[in-house]
Amino acid sequence: GLRIPIAEVDMKALRKRKRAIIADFASYRTKALESGKYDLHRSKARFVSPDTLELADGTRLRGSRFIIGTGSRVSVPPIPGLAGSKCWTSDDVLDLGEVPPSVIVLGGGIVACELAQFLRRIGSKVIQVQRSAHILKEYSPEASAVVEQAFRDEGIELHTGTRLESVKARLRDFEVTFTDLATGTTLTRRATRLLNALGREPNTAGLGLEAAGVKLAPSGRIVTNKWQQTSQPHIYAGGDVCGPHDIVHLAVAQGELAARHAFGVKGLRAVDYSQLLGVAFTDPQLASIGLNETALREAKKPFLSASYPFNDHGKSILMDANYGFVKILAAPKTGKLLGAEIVGKDAGELIHCFNTALALGATVKDMLAAPWYHPTLAEILTYPLEEIADQL
């Protein structure tokens with residue numbers, strides 16, 4: 001019942017605020033690195049032997065332990081015309097000073113989807129082209145379908161199940177040709193800008209890993225063991241450069257583990273990926289933790305499943321947050337929690353309700369023994385919990 005004037009984005013103000021926030025975070029970390037506790041060299045570096053680095057100015061540094069944390073970079077698949085098209089990357093979109101009239105977004109991963117929706121909401125016409133049958137294919141098809149519907153409802157022209165044929169940079173715009181695999185129809189779309197969000201690859205080029213004797217997997221990732229050691233035990237790696245998942249909190253855990261192992265700390269535990277936590281910050285958000293149905297079926301592990309929709313929950317209805325559902329997976333005999341998936345309002349926050357429970361090996365009944373306040377969004381989790389409890 002509120003009459004609110006039309007909101008318009010001021011991209012220069014938005015960018016100014018973004019840069020100020022990043023500068024505040026970065027300055028704290030820069031001061032830490034320049035505190036005198038470390039020798040900081042701002043330079044490109046490459047291995048010239050397993051124990052020696054050469055910097056861009058010719059300086060050589062020797063060490064008994066190394067850690068590689070060079071992250072990832074935007075990959076450029078072999079699509080005719082893409083490499084030389086001067087298309088945008090995520091860095092360009094995140095530093096915009098104006099609203100582009102139209103953008104074609106190539107890809108359907110987390111970065112592609114978050115930025116496609118951002119561009120649409122600041123006022124751009126957005127055409128998104130995804131190769132797989134669903135966007136956000138790391139999640140279940142049911143959850144991805146919810147976000148797809150939300151995108152289409154917002155006016156994003158979304159094409160899934162396609163094969164990219166070519167990219168052409170024209171005088172004032174870009175032309176993308178792709179085939180709809182379901183119908184065999186070849187389509188062409190044009191926009192003033194093109195965003196390559198087709199994925200990222202380990203940033204290892206120019207590091208001289210061959211000289212160091214560090215092996216790469218066929219995927220291009222650096223091969224590491226459970227302690228983050230590479231094929232050279234004194235050289236460690238962490239983060240996107242080695243995977244297996246490109247997620248910040250895992251990169252932090254890998255870096256801390258590598259440092260402690262390198263200095264001989266006792267009683268260490270390897271990073272546990274069984275409680276994998278992931279969030280896509282689309283609207284609605286999509287979040288998951290633990291094992292999913294596909295993984296359980298592949299492992300031939302029996303499970304119970306229950307879900308509940310947001311459009312039948314009082315608090316979410318009041319908030320006009322009707323997209324999505326909560327799904328919980330549990331062991332059939334004990335009710336032990338195995339995993340959960342949420343697509344809907346604040347899913348990235350709600351998924352953390354399962355974090356401690358999974359870490360402690362809790363059951364569905366353990367979670368129901370706790371109080372759940374009414375009316376809250378979190379209360380929606382009790383419905384699938386109760387359904388599984390009834391199944392037990």
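The analysis underlying the following values was restricted to heavy atoms, covering all of them including side chains, and did not include hydrogens, waters or symmetry mates. One is the number of the first residue; the rest follow in order along the sequence.
Salt bridge absent: E201 and R221 never bring a charged side-chain N and a carboxylate O closer than 4.0 Å. Comment: R189 does not engage E175 in a salt bridge, judged by the lack of any side-chain N to carboxylate O separation of less than 4.0 angstrom.
Put simply, the side chain of S132 never gets that close to the backbone of H134: no donor and acceptor are under 3.5 Å apart. The main-chain N or O of G184 is never found under 3.5 Å from a side-chain atom of D180 such that the two would form a donor-acceptor pair. With hydrogens and angles disregarded, a donor-acceptor distance shorter than 3.5 Å links the side chain of Q254 to the backbone of G239. Checked by atom type and distance alone, the side chain of N292 pairs as donor or acceptor with a backbone atom of A295 at under 3.5 Å. Judged by distance alone, the side chain of N196 and the main-chain N or O of L198 form a donor-acceptor pair under 3.5 Å. With hydrogens and angles disregarded, no donor-acceptor distance shorter than 3.5 Å links the side chain of R17 to the backbone of I21. Under the 3.5 Å distance criterion, the side-chain polar atoms of T70 are matched with a main-chain donor or acceptor of N203.
Enclosure of atom CG in D153 by more than 12 non-hydrogen atoms of other residues, nucleotides or ligands within 6.0 angstrom is indicated. A 6.0 Å sphere centred on NZ of K168 holds no more than 12 heavy atoms belonging to other residues, nucleotides or ligands.
L350 and F354 fall within a single hydrophobic cluster, where Ile, Leu, Val, Met, Phe, Trp and Tyr are joined by side-chain heavy atoms under 4.5 Å apart, directly or via other members. Tracing side-chain contacts under 4.5 Å through hydrophobic residues (I, L, V, M, F, W, Y), one never reaches I135 starting from I342; they form parts of separate clusters. Taken together through direct or relayed side-chain contacts under 4.5 Å among Ile, Leu, Val, Met, Phe, Trp and Tyr, Y273 and W227 form part of one hydrophobic cluster. Under the 4.5 Å side-chain heavy-atom criterion for Ile, Leu, Val, Met, Phe, Trp and Tyr, F325 and F303 are members of distinct hydrophobic clusters. Residue V241 is grouped with residue I235 when hydrophobic side chains (ILVMFWY) are merged at heavy-atom distances under 4.5 angstrom, including chains of intermediate members.
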Result block: side-chain N/O donor-acceptor pairs under 3.5 angstrom for residues 99-118, not counting sequence neighbours:
residue : atom : partner : partner atom : Å
S102    : OG   : T192    : N            : 2.9
S102    : OG   : T192    : OG1          : 3.4
E114    : OE2  : F281    : N            : 2.7
Q117    : OE1  : D283    : N            : 2.7
Q117    : NE2  : E154    : OE2          : 3.0
Q117    : NE2  : D283    : O            : 2.8

Can you give me every donor-acceptor pair (side chain of residues 77-90, partner residue at least two apart or in another chain, under 3.5 Å) with its distance?
residue : atom : partner : partner atom : Å
S85     : OG   : L82     : O            : 2.8
T89     : OG1  : D91     : N            : 3.3
T89     : OG1  : D92     : OD2          : 3.4

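Qualifying side chain to side chain contact (heavy atoms under 4.5 Å, CB included) partners for P309, counting only residues two or more places apart in sequence or in other chains: N311, D312. With sequence neighbours left out, D10 forms a side-chain hydrogen bond (donor to acceptor under 3.5 Å, both in side chains) with no residue at all. L368 is linked by a side chain to side chain contact (heavy atoms under 4.5 Å, CB included) to V364, T382, L385, E386, A389, counting only residues two or more places apart in sequence or in another chain.
The shortest heavy-atom contact between K18 and L94 is NZ-O, 2.6 Å.
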Check against salt bridge (charged side-chain N to carboxylate O under 4.0 Å, His left out), K300 and E298: CA-CA 5 Å; K300 296 182 179 179; E298 288 176 352; over 6 Å; no
Derivation and outcome, side-chain hydrogen bond (donor to acceptor under 3.5 Å, both in side chains), residues S27 and T30: CA-CA 5 Å; S27 64; T30 301; over 6 Å; no
Check against side-chain hydrogen bond (donor to acceptor under 3.5 Å, both in side chains), E341 and S140: CA-CA 8 Å; E341 182 174 64; S140 72; 2.6 Å; yes
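Applying the ring pair (Phe, Tyr, Trp, His ring centres under 6.0 Å) test to residues at least two apart or on different chains, the pairs with a partner in residues 157-190 are H159-F178.
Taking the six-membered ring where the residue is Trp, Y383 and H313 present perpendicular rings, their angle passing 60° and hence far from 30°.
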